[in-house]
Amino acid sequence: MTRFFQYLALSTFCACALIHSPAIASDWPQYRGPTHDGISTETLKLPWPAGGPKILWTAPTTNGFSSFSVGDGEAFTQVGREANGSPREFCIALDAATGKELWAVDVGESKYQGGGDSGAKNNKGGDGPRSTPVISDGKVYVLSSELVLDCLDAKSGKQVWTKDLVKDFGGKNITWKNAASPLIDGDLLYVAAGGAGESFIAFNKKSGAVAWKSGTEKITQATPVIGTILGVRQVVFFTQSGLVSVAPDSGKELWKYPFKYSTSTAASPVICGDIVYCAAGYNVGSGACKITKEGGGLAAVQIWRLTGNKPVANHWSTPVYNDGYLYGMFSFKEYGSGPLKCVEVATGKVMWEKAGFGAGQVILAGDKLLALTDDGQIVAVQATPTGYAEISRAQAVTGKCWSTPALSDGRLYVRSTKEGACLELNAK
């Protein structure tokens, strides 16, 4: 009898623990995922069936290279739409399970639209907003093409606070307008604005109050990243002068790595242990610096540099890092044909390449790559330096895909300039 009551008590405790424990589902709350590096902790079920993963829903996502952020049962992205006879930019919220549009909020003028029906090999048309919304604690944060930052209630779309980085902080926009996404870590939201003495700004995400501002740098289209290098937490911005690392709590400069700018820099830097990689198109090429301790602080020492659009350069496709190697779309204006490559981060040596991916994007789940080609195919590839090893391939969407996939709770959210889709990768 005693054992029966012990068993009953244990069963009750376990049931209550399951009821009150947080959901196991993994959110993808901002551009390039929860850790800002395109890496997911989820395990994929591969290979896929012959017909590909089940497509749970599709929804119109007109004119835009914005990616999906997924959290709390909703998926957010930015699109271009007509409103009152003029092109406008909207943040939209979709039901993550069904694709039903829950709300749409006009976040400002959109000068670069059109071309949404063009295929991967067609670069005509502006194609709308490029920034990706960020979800945090029931709010969604949107940085528009015109550098206006909005905090919206995630369930209703109601504006909580707003900041105009041009009018309020002396920011200066760039050719093809802003493409960078906000970056959130803890209670702070980081953006690059571009004003003298306030190039980098950290806002309190709840109130919109300025926590700090620093730097006199010109912005690029690259989204900043945050990580820990040599035990020091830091935010790395990719500016027109190169990489600038700052302390997250104060904006104090930690180190700089000079890097040429020409026309547009759009791929984010990649933190690879104590090495940081960066690249751009327009014959700029790529490089890597090793972060070292120097005089009680940190310094960046270049370990290799390659110029030109080949063999290693990224137009806007940001690679992922795994065990000493970078994997991604290393190409410049090779729409529809550009290769997926594996590059040794310590040397810049190309280990292998496979043509036919174009200017798409990749993420990493375990030791598997999920590559979204610029014509809407999802390709699962083994992340190994020994050679290209494709596992599965499926057509996900039509239109032009220059966005990054989002993996959340076994479901992959992808979008093009025409439509978004949710694919069931790990069927329950």
Problem - Carboxylate-amine/guanidinium contact Arg88 Glu82, below 4.0 Å - result: no

Problem - Modelled atom types, side-chain donor and acceptor of Gln221 and Asn178, under 3.5 Å - result: no

Handout entry: Side chains of Val362 and Leu372 in contact at under 4.5 Å (non-hydrogen atoms)
Key = no

Problem - Donor-acceptor side-chain pairing of Glu217 and Ser241 below 3.5 angstrom - result: yes

Exercise for the section: Measure from the side-chain N and O atoms of Gln361 to the backbone N and O of Thr318, and report whether any donor-acceptor pair falls under 3.5 Å. Expected result: yes

Problem - Distance-only polar pair, side chains of Glu344 and Thr347, donor-acceptor under 3.5 Å - result: yes

Problem - Contact summary for Phe357 and Ala371, nearest pair of heavy atoms - result: CE2-CB, 3.8 Å

Practice task
Assess the side chains of Trp57 and Thr98: does a donor N or O sit below 3.5 Å from an acceptor N or O?
Solution key: no

Handout entry: Over 12 non-hydrogen atoms of neighbours within 6.0 angstrom of NZ in Lys155
Key = yes

Handout entry: Smallest separation among heavy atoms of Leu243 and Cys289, with atom names
Key = CD1-SG, 4.5 Å

Practice task
For residues Trp176 and Ser264, determine if any side-chain heavy atom of one lies less than 4.5 Å from a side-chain heavy atom of the other.
Solution key: yes

Handout entry: Closest non-hydrogen atom pair between Ser69 and Gln30, with its separation
Key = OG-CA, 3.4 Å

Exercise for the section: Mark yes or no for whether Thr220, through its side chain, and Thr239, through its backbone, hold a donor-acceptor pair below 3.5 Å. Expected result: no

Handout entry: Polar side-chain atom of Thr132 near backbone of Ser67 as donor-acceptor pair, under 3.5 Å
Key = yes

Problem - Any side-chain donor near an acceptor of the partner, Ser145 and Glu89, under 3.5 Å - result: yes

Handout entry: Salt-bridge criterion met for Lys400 and Asp374 (N-O under 4.0 Å)
Key = no

Exercise for the section: Please name the pair of heavy atoms, one in Ile378 and one in Trp48, separated by the smallest distance, quoted to 0.1 Å. Expected result: CG2-CH2, 3.2 Å

Practice task
Return yes if some donor-acceptor pair links the side-chain N/O of Asn204 with the main-chain N/O of Lys206 below 3.5 Å, else return no.
Solution key: yes

Problem - Distance flag, aromatic centroids of Tyr325 and Trp352, threshold under 6.0 Å - result: no

Problem - Heavy-atom side-chain contact between Ile391 and Lys368 under 4.5 Å - result: yes

Exercise for the section: Answer whether the closest heavy-atom distance between the side chains of Phe68 and Val414 falls below 4.5 Å. Expected result: no

Handout entry: Electrostatic pair Asp274-Lys290, nearest N-O below 4.0 angstrom
Key = yes

Exercise for the section: Please report the shortest heavy-atom distance between Phe259 and Ala280, naming the atom on each side. Expected result: CE2-N, 4.4 Å

Practice task
Could you tell me whether the side chain of Thr62 and the main chain of Gly80 form a donor-acceptor pair under 3.5 Å?
Solution key: yes

Practice task
Determine, for Lys172 against Glu146, whether the closest basic-nitrogen to carboxylate-oxygen distance falls under 4.0 angstrom.
Solution key: no

Problem - Distance-only polar pair, side chains of Ser156 and Asp153, donor-acceptor under 3.5 Å - result: yes

Practice task
Take Asp185 and Arg233, measure what salt bridge (Lys or Arg N to Asp or Glu O under 4.0 Å) needs, and give me the verdict at the end.
Solution key: CA-CA 11 Å; Asp185 189 64; Arg233 192 73 169 164; 3.1 Å; yes

Exercise for the section: Evaluate the side-chain proximity of Glu419 to Thr398: yes if any heavy-atom separation is below 4.5 Å, no if none is. Expected result: yes

Exercise for the section: Report yes if the side chains of Val345 and Tyr321 come closer than 4.5 Å at any heavy-atom pair, otherwise no. Expected result: yes

Exercise for the section: Decide yes or no for Tyr141 and Ser136: does some side-chain heavy atom of the first lie under 4.5 Å from some side-chain heavy atom of the second? Expected result: yes

Exercise for the section: Indicate, with yes or no, if the rings of Phe169 and Phe203 have centres closer together than 6.0 Å. Expected result: yes

Exercise for the section: Assert yes or no for the condition that the ring centre distance of Tyr282 to His315 is strictly below 6.0 Å. Expected result: yes

Handout entry: Modelled atom types, side-chain donor and acceptor of Thr35 and Asp37, under 3.5 Å
Key = yes

Handout entry: Heavy-atom pair of closest approach, residues Ala96 and Val70
Key = CB-CG1, 4.3 Å

Problem - Any side-chain heavy-atom pair of Thr162 and Leu149 under 4.5 Å - result: no

Exercise for the section: Check the side chains of Thr77 and Ser66 for a donor-acceptor pair under 3.5 angstrom, ignoring hydrogens and angles. Expected result: yes

